[in-house]
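Treat the numbers as computed from the prediction; the structure is a model and nothing was measured.
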Amino acid sequence: GPGLEVSSHTLIGARCPGLEVTDDGRYALLYLEEGCDPVNRLYYVDLNKCGGVTADFSKRVVKLVDDFRAQYSYVANEGERFVIKTTLQAPRYKLVEIEKLSQAGKPDSWRDLVPEAAGGAVLESAEACQGDALLLMYMQDVKHVLQLHSLRAGKLVKKFDIEIGCISSLNCAPSLMTKVLGYGGFNISLTPNFSAARVVYMQHLNGVYVQANMRGGGEYGEEWHKAGIHEKKQNVFDDFQVPPLAAWYPQNFVLLKISALACAYRGLVVTVISVGRDKACAEWLIAEGYTKPSSLTIQGGSNGGLLVGACVNQRPELFGCAIAQVGVMDMLRFHKFTIGHAWCSDFGCSDEEKGFAYLYKYSPLHNIEVPDEPGLQYPSMLLLTGDHDDRVVPLHSLKCIAELQHTLCSSPHSAQRNPILIRVDTKV
């Protein structure tokens, strides 16, 4: 409607993902983003000064934050006093206070209300409750922690002890099926969750399920995310499969955590395993006797499908099966189709010489080769896509399956006997 219109020059170079009204109904907050990077501009309109939400308030927009240095989101306000959650100089988030919105000044001048937490904890959400109560939810080593703070002073009032299901040991025969799910990108965290399908898999098929938390995700804040993007994307694949080099790690920064999830048939049981710098996910599971390569399946979707495609190219002997769901397989042309241009914030872009160089090195489509080792073949593979997918367009999977079958299944020098298949979901 006309009440939500903002002049076009305001939005040049950015997209508007959200409009929020403050709890007291006085202010409209406008969030502008650029790509998929977790940063945004923040504008506001004082609705008391423009005749309500049905009026054209395009000329009343105030640019509170007009750059893409950090992420900002509204938590609460009392009149002109605002509490904002931000990553400004705090990659694991903090809360800041604006004493008077109309005289806010630059974000660097805003007072810290709740500073960034120590010990790697990431502030995921903040909710103002009744009176002076402010409920904060942190993620610490891929599990959530609740704290009660003062909304006015920011001081800690109480920590809540939350019982989290766990198992002290897991007795697995290496012959059992083991499935590892991974993503590792776009600041997205893979956290413990319940799945009925996993219950069936574990109870009736004796399967072992593992969820890997890798650089590129959001489990340890923005530094963790940035350690797995652009030219550092290989770090994600290494976390998933091979022994890392100590030189990859910034000092005093633990970069490798793996959470293994086991579903009991009556609920979810979780154990978090902290893995040192000597092994990454797949090799650790094999070394600890949880599985062996022929019993190990890796699975991922979208960015996780890219992960699967890159890993089978780089270490085909490490896996028995690979499932890539709507994977981003052509890293040189992904930005040319539908929403793909927005992913340049994590991947970079092949239109730039530097970007082309590192994208070409791991692009699944462009690195399919018959293994040099005699008798070595790719694991059994299943690619999944849809002919109507308007995000990760089907050409990624279709081109990849064509190249896989041509290179691995047609060459007289290939030992490939494991099946290479695709399933294309069609829209009726």
Side-chain angles (χ1 to χ4, degrees), residues 174-175 177-183 205 207 233-234 236-238 240-242 281-283 285-286 291-334 336-337 340 350 359-389 391-427:
S175 60
M177 292 184 294
T178 301
K179 182 164 67 174
V180 183
L181 180 72
Y183 190 79
L205 301 177
K233 188 67 176 178
Q234 183 61 41
V236 183
F237 313 142
D238 293 329
F240 201 53
Q241 57 179 337
V242 300
C281 181
E283 290 204 339
L285 290 167
I286 294 168
T291 189
K292 59 183 180 181
S294 61
S295 301
L296 182 58
T297 296
I298 55 173
Q299 181 178 4
S302 189
N303 175 74
L306 159 64
L307 169 72
V308 170
C311 286
V312 295
N313 283 340
Q314 296 176 11
R315 292 294 302 275
E317 81 287 355
L318 198 57
F319 316 107
C321 180
I323 304 171
Q325 300 165 271
V326 293
V328 185
M329 301 302 193
D330 185 350
M331 297 308 297
L332 301 184
R333 290 175 58 80
F334 71 87
K336 297 181 181 293
F337 305 98
S350 64
L359 288 168
Y360 185 74
K361 286 182 179 179
Y362 72 78
S363 176
L365 177 64
H366 301 91
N367 288 276
I368 298 168
E369 297 179 345
V370 175
D372 293 332
E373 183 180 332
L376 179 60
Q377 59 177 322
Y378 270 50
S380 301
M381 292 188 67
L382 175 62
L383 276 58
L384 300 167
T385 189
D387 65 356
H388 52 286
D389 192 329
R391 292 187 63 81
V392 183
V393 292
L395 67 85
H396 286 280
S397 296
L398 297 176
K399 291 168 69 174
C400 190
I401 194 67
E403 185 64 29
L404 283 165
Q405 292 181 346
H406 171 72
T407 301
L408 302 179
C409 304
S410 303
S411 171
H413 306 290
S414 175
Q416 190 68 32
R417 295 296 180 268
N418 291 328
I420 307 290
L421 305 174
I422 188 171
R423 182 183 186 274
V424 182
D425 186 29
T426 58
K427 187 174 184 179

**OP:** Taking the side chain as every heavy atom from C-beta outward, state whether Arg315 and Phe237 have any atom pair closer than 4.5 Å.
**Re:** no

**OP:** Mind running side-chain contact (heavy atoms from CB on, under 4.5 Å) on Leu404 and Leu383 for me, showing each step along the way?
**Re:** CA-CA 11 Å; Leu404 283 165; Leu383 276 58; 4.2 Å; yes

Original post:
Closest heavy-atom contact between Cys321 and Pro379?
Top reply: N-CB, 3.7 Å

Subject >> 4.5 Å side-chain heavy-atom contact, Thr407 and Ser414 >> reply: no

Original post:
Can you tell which of Asn418, Ile420, Leu421 makes a side-chain contact (heavy atoms from CB on, under 4.5 Å) with Ser380?
Top reply: Asn418

Original post:
CE of Met331 to OG of Ser350: how many Å apart, nearest 0.5 Å?
Top reply: 9.0 Å

Original post:
What distance separates Met329 CE from Leu398 CG, expressed to the nearest 0.5 Å?
Top reply: 11.0 Å

Original post:
Is any side-chain heavy atom of Ile323 closer than 4.5 Å to a side-chain heavy atom of Leu384?
Top reply: yes

**OP:** Could you tell me which non-hydrogen atom of Pro394 sits nearest to which non-hydrogen atom of Asp389, and how far apart they are?
**Re:** CD-O, 3.6 Å

Subject >> Side chains of Ile286 and Thr291 in contact at under 4.5 Å (non-hydrogen atoms) >> reply: yes

Subject >> Stepwise side-chain contact (heavy atoms from CB on, under 4.5 Å) test for His388 and Asp425 >> reply: CA-CA 8 Å; His388 52 286; Asp425 186 29; 3.7 Å; yes

Original post:
Under 3.5 Å, is there a donor-acceptor pair between the side chain of Thr297 and the main chain of Lys179?
Top reply: no

Original post:
Taking side chain as C-beta onward, heavy atoms only, is Gln377 less than 4.5 Å from Arg417?
Top reply: yes

Original post:
Is a side-chain donor or acceptor of Gln416 paired with a backbone partner of Tyr378 at a separation under 3.5 angstrom?
Top reply: yes

Subject >> Spacing of Leu296 atom CG and Gln241 atom CD [to the nearest 0.5 Å] >> reply: 11.0 Å

Subject >> Distance-minimising heavy-atom pair for Lys427 and Asp387 >> reply: N-OD1, 3.3 Å

**OP:** Identify the heavy atoms of Ser363 and Leu332 that sit nearest to each other, and give their distance.
**Re:** OG-N, 4.5 Å

Subject >> Counterpart residues, salt bridge (charged side-chain N to carboxylate O under 4.0 Å, His left out), relative to Lys361 (two or more places apart) >> reply: none

**OP:** Could you walk me through whether Val180 and Phe240 pass the side-chain contact (heavy atoms from CB on, under 4.5 Å) test, one step at a time?
**Re:** CA-CA 9 Å; Val180 183; Phe240 201 53; 3.5 Å; yes

**OP:** Kindly determine whether Leu318 and Glu283 satisfy side-chain contact (heavy atoms from CB on, under 4.5 Å), including the steps that lead there.
**Re:** CA-CA 8 Å; Leu318 198 57; Glu283 290 204 339; 4.0 Å; yes

Original post:
So do the side chains of Leu306 and Lys233 get within less than 4.5 Å of each other, counting heavy atoms only?
Top reply: yes

Subject >> Distance (rounded to the nearest 0.5 Å) between Thr385 OG1 and Gln325 CD >> reply: 11.0 Å

**OP:** Determine the minimum heavy-atom distance between Asn303 and Val328, stating which atoms define it.
**Re:** N-CG2, 4.5 Å

Original post:
Using a distance-only test with no angle check, is there a side-chain donor-acceptor pair under 3.5 angstrom linking Tyr360 and Asn367?
Top reply: no

Subject >> Taking every non-hydrogen atom, the tightest pair across Tyr183 and Leu307 >> reply: N-CD2, 4.0 Å

**OP:** To the nearest 0.5 angstrom, please state how far the CG atom of Leu365 sits from the CG atom of Asp330.
**Re:** 5.0 Å

Subject >> Nearest-0.5 Å distance that lies between atom NE2 in His366 and atom SG in Cys400 >> reply: 10.0 Å

